[in-house]
There are 2 protein chains.
Amino acid sequence: MPPPKTPTIYDVARLSGVSIATISRALNSPDKVNPETRTKVMEAIDRLGFVPKAEARARALQSANRIGVITPFFTAPSFVQRLRGVAGTLSRANYELVIYPVDSVEHMQGYISSIPIMGNLDGLIIMSLAIEKTDARRLIENGMQTVLIEFSHEELNSIIINDEQGGRMVAEYLIQKGHKSLGFLGDIEPPERYAIHPVKSRLEGFKKTLEEAGVSFPKKNIKQALYSQENSRQAAYELLSMSSRPTALFAASDIQALSVMKVARQLNLRIPDDLAVIGFDDIDMADYVDLTTVRQHLDESGRLAAEMVLARIRDGSRALQHINLPLNLVERATV
Amino acid sequence: MPPPKTPTIYDVARLSGVSIATISRALNSPDKVNPETRTKVMEAIDRLGFVPKAEARARALQSANRIGVITPFFTAPSFVQRLRGVAGTLSRANYELVIYPVDSVEHMQGYISSIPIMGNLDGLIIMSLAIEKTDARRLIENGMQTVLIEFSHEELNSIIINDEQGGRMVAEYLIQKGHKSLGFLGDIEPPERYAIHPVKSRLEGFKKTLEEAGVSFPKKNIKQALYSQENSRQAAYELLSMSSRPTALFAASDIQALSVMKVARQLNLRIPDDLAVIGFDDIDMADYVDLTTVRQHLDESGRLAAEMVLARIRDGSRALQHINLPLNLVERATV
DNA sequence: TGTTACACTGAAAGTGCTTTCATTTTTTCT
DNA sequence: AGAAAAAATGAAAGCACTTTCAGTGTAACA
């Protein structure tokens with residue numbers, strides 16, 4: 001007994017009495033084939049249990065229609081929103097989304113070196129990770145269309161924001177609102193080697209502007225806090241229970257601003273009367289809780305990134321782009 | 001500038017002055033080719049950075065080490081948390097995560113019919129989507145290891161919760177807290193054909209318990225509201241500006257509970273004194289804003305689902321599992 | 001020295017699908 | 001009814017490899 005071969009497009013063609021081209025069309029662009037024919041074809045397909053083989057398809061198409069995203073803890077709200085932008089664009093363009101969550105340095109290394117080799121990705125988006133020269137080279141040499149978000153590299157497309165300017169905006173706004181005693185809470189020194197340092201820049205801009213305006217900003221008003229809820233709360237608590245507590249707090253991310261708000265609530269501090277809080281990112285949740293914050297267009301960054309890879313996949317000769325996304329201060333109810 | 005095409009076996013052949021067949025052999029059965037020739041070939045391969053794509057794919061086909069997740073708007077917090085569970089487990093097991101965001105009926109149909117087919121997925125997790133018999137059959141026939149979350153099917157693994165019981169828990173709790181006038185807000189009738197109806201069940205349980213306890217629950221206290229922020233706010237507003245406004249509101253999802261809270265704030269209603277709010281899901285954010293809610297172990301559901309597919313991939317003979325995850329009422333500060 | 005065996009190698013035929021191009025059929029318009 | 005336009009279809013040419021088949025050239029043997 002011969003092995004029960006899985007049916008191919010040829011079997012379907014024979015059974016339904018049309019050419020393989022028509023089968024292919026019935027499957028991929030149904031509008032280009034007569035409804036009746038299509039029905040016949042579909043019946044044959046069902047009867048045989050036909051299933052187009054991905055490998056063959058990818059070969060013929062010369063693309064897997066799949067793009068990958070490398071990102072640290074992709075479930076943090078800000079990353080999720082970026083991903084949302086990516087996913088929307090990709091889905092519309094009929095591309096698959098493969099996620100590579102990075103939770104360690106080796107992970108990242110491994111991904112970068114093996115991904116292009118696997119050769120089943122058409123493009124790559126790398127979020128919020130610093131990539132080294134050799135890794136970049138490898139990507140480029142393998143012709144992998146790549147775009148970086150929140151990090152830039154001469155030879156790769158990138159989308160960034162001006163974190164320092166963001167810090168300045170916050171400082172200016174707070175000063176203008178009459179605050180004289182300010183505090184800062186954020187993850188200034190991420191431990192990972194591949195981490196980037198946007199928070200540092202935000203603090204820098206913030207600090208400089210305060211200095212320039214002659215507003216005192218003692219070291220003790222700056223609190224390092226990991227992204228985690230517990231850690232942020234602890235830091236917020238320390239900041240808010242100082243003898244001369246600041247009247248306004250700049251949290252380097254919205255999530256951390258929420259922690260501050262929670263602690264303030266526990267301490268019976270009214271916001272914004274007793275304490276002004278301002279965040280950074282403008283995640284969805286910021287609107288829900290009326291948090292004043294700096295919008296960095298997260299969804300948009302993802303959308304743009306996806307559009308850039310897609311564009312480059314279609315036309316590899318496109319010039320490199322380095323996009324600097326604008327920042328806006330969104331006034332809500334916490335300042 | 002020509003696009004940096006990735007080299008093919010032809011390029012290698014040209015460079016090393018042999019035929020493509022020899023290249024192929026040098027790679028796949030080295031013993032059948034003259035060592036000198038082989039050396040020449042390998043040099044050319046290295047020089048071009050050639051990577052046999054089909055081979056990689058073929059290997060990948062044996063086991064793609066890749067599992068897919070079909071989910072509606074995967075960026076909604078509750079889905080993200082499930083994904084977080086999935087991703088954690090997968091990443092540890094060295095599996096890739098492919099996300100298929102469903103935004104329309106056809107999408108879903110398309111995925112289910114083409115995914116198993118494509119044969120480049122080892123397993124599949126389908127979240128919060130009702131799948132039809134024929135689709136389930138197709139999955140089973142193609143030997144695709146599948147687990148369903150929030151929906152169950154006799155022949156597929158599934159992880160569900162008891163939504164009705166969740167509704168009952170909320171009602172009991174609210175009654176016990178002395179509330180006599182209750183309201184409900186949720187997306188009772190999702191429009192999509194593939195949608196599931198957990199909210200309906202939650203409402204049912206809620207309603208029944210109230211009836212049994214003799215607490216009146218007029219129709220006008222039930223508001224249908226889409227998941228969207230705007231829609232939820234509108235509904236909350238209507239509910240809260242009725243002449244005899246309820247003293248407690250059950251929002252069928254935390255996100256919608258947040259909308260209720262926002263509207264309450266605008267209306268100058270104090271929570272929980274003027275209005276009690278209780279949600280459902282226990283997303284991360286619930287803790288941040290001290291929302292009382294029903295925990296449905298989102299992360300855990302994802303983790304479990306991933307573990308189930310993985311287990312089944314390793315041992316296809318494993319018995320089907322239908323897991324019913326427990327629900328807990330988490331008391332925080334909004335009731 | 002003439003055969004034979006053998007190790008290498010290239011041409012070419014698959015592999016299962018997509019897509020272009022040309023052809024046929026149908027529809028629309030005058 | 002006839003011409004022009006539009007729709008539907010099939011033939012065939014890829015796609016990037018693998019594998020078979022039929023040679024080559026050379027070493028080994030009688």
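Lettering of chains follows the sequences in order, A, B, ..., and the numbering in each one begins at 1.
To the nearest 0.5 angstrom, A:I70 atom CD1 is 12.0 Å from A:S128 atom OG. Rounding to the nearest 0.5 Å places CD1 of A:I126 at 4.5 Å from CD1 of A:I131. Interatomic distance, A:I23 CD1 to A:I20 CD1, rounded to the nearest 0.5 Å: 9.0 Å.
A:H153 meets the side-chain hydrogen bond (donor to acceptor under 3.5 Å, both in side chains) test with no other residue; sequence neighbours excluded. The side-chain contact (heavy atoms from CB on, under 4.5 Å) search around B:I160 returns B:S152, B:N324, not counting sequence neighbours.
As rounded to whole Å, 10 Å separates atom P of D:dC17 from atom CD1 of B:I45. Between B:I9 atom CD1 and D:dT19 atom P there is a gap of 11 Å when expressed in whole angstrom units. Taking atom CG on B:N28 and atom P on D:dT20, their separation rounds to 12 Å, with Å as the unit. As rounded to whole Å, 12 Å separates atom P of C:dC17 from atom CG of A:L48. For the pair B:D11 CG and D:dC17 C1', the computed distance is 13 Å after rounding to whole Å. Rounded to an integer number of Å, the gap from CZ of A:R57 to P of D:dA16 is 16 Å.
B:T71 and B:F79 make their closest contact through OG1-CD2, 3.7 Å (heavy atoms, listed as atom of the first residue, atom of the second, distance). Here the shortest heavy-atom pairing between A:E154 and A:L320 reads O-CD1, 3.2 Å. Across all non-hydrogen atoms, the minimal contact from B:S158 to B:F151 is CB-O, 3.4 Å.
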Short N/O separations, protein against nucleotides 4-9 of chain D, under 3.5 angstrom:
from, atom 1, to, atom 2, distance (Å)
D:dT9, OP1, A:T37, OG1, 2.4
D:dT9, OP2, A:N34, N, 3.0
D:dT9, OP2, A:T37, OG1, 3.3

Kindly give the atom pairs (protein nitrogen or oxygen, nucleotide nitrogen or oxygen) under 3.5 Å for nucleotides 12-15 of chain C.
from, atom 1, to, atom 2, distance (Å)
C:dT15, O2, A:R59, NH1, 3.3

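The phosphate of D:dT18 (OP1 or OP2) has a side-chain N or O of B:S24 nearer than 4.0 angstrom.
Residue pairs meeting the side-chain hydrogen bond (donor to acceptor under 3.5 Å, both in side chains) criterion with at least one partner in residues 35-45 of chain B, sequence neighbours excluded, do not occur; the list is empty.
For A:Y10 against C:dC17, a side-chain N or O and a base N or O form a donor-acceptor pair under 3.5 Å.
Partner of A:S301 under the side-chain hydrogen bond (donor to acceptor under 3.5 Å, both in side chains) criterion, out of A:R82, A:Q296, A:E150: A:R82 alone.
Helix bend of the helix from C:dT1-D:dA30 to C:dT30-D:dA1: the angle between its two end axes, each built from five pairs, comes to 40° after rounding to 10°.
Nearer to the 5' terminus of DNA chain D, by closest-nucleotide assignment, is the contact made by A:A60 (compared with the other of A:A60 and B:I23).
B:Y227 OH: more than 12 foreign heavy atoms inside a 6.0 Å radius.
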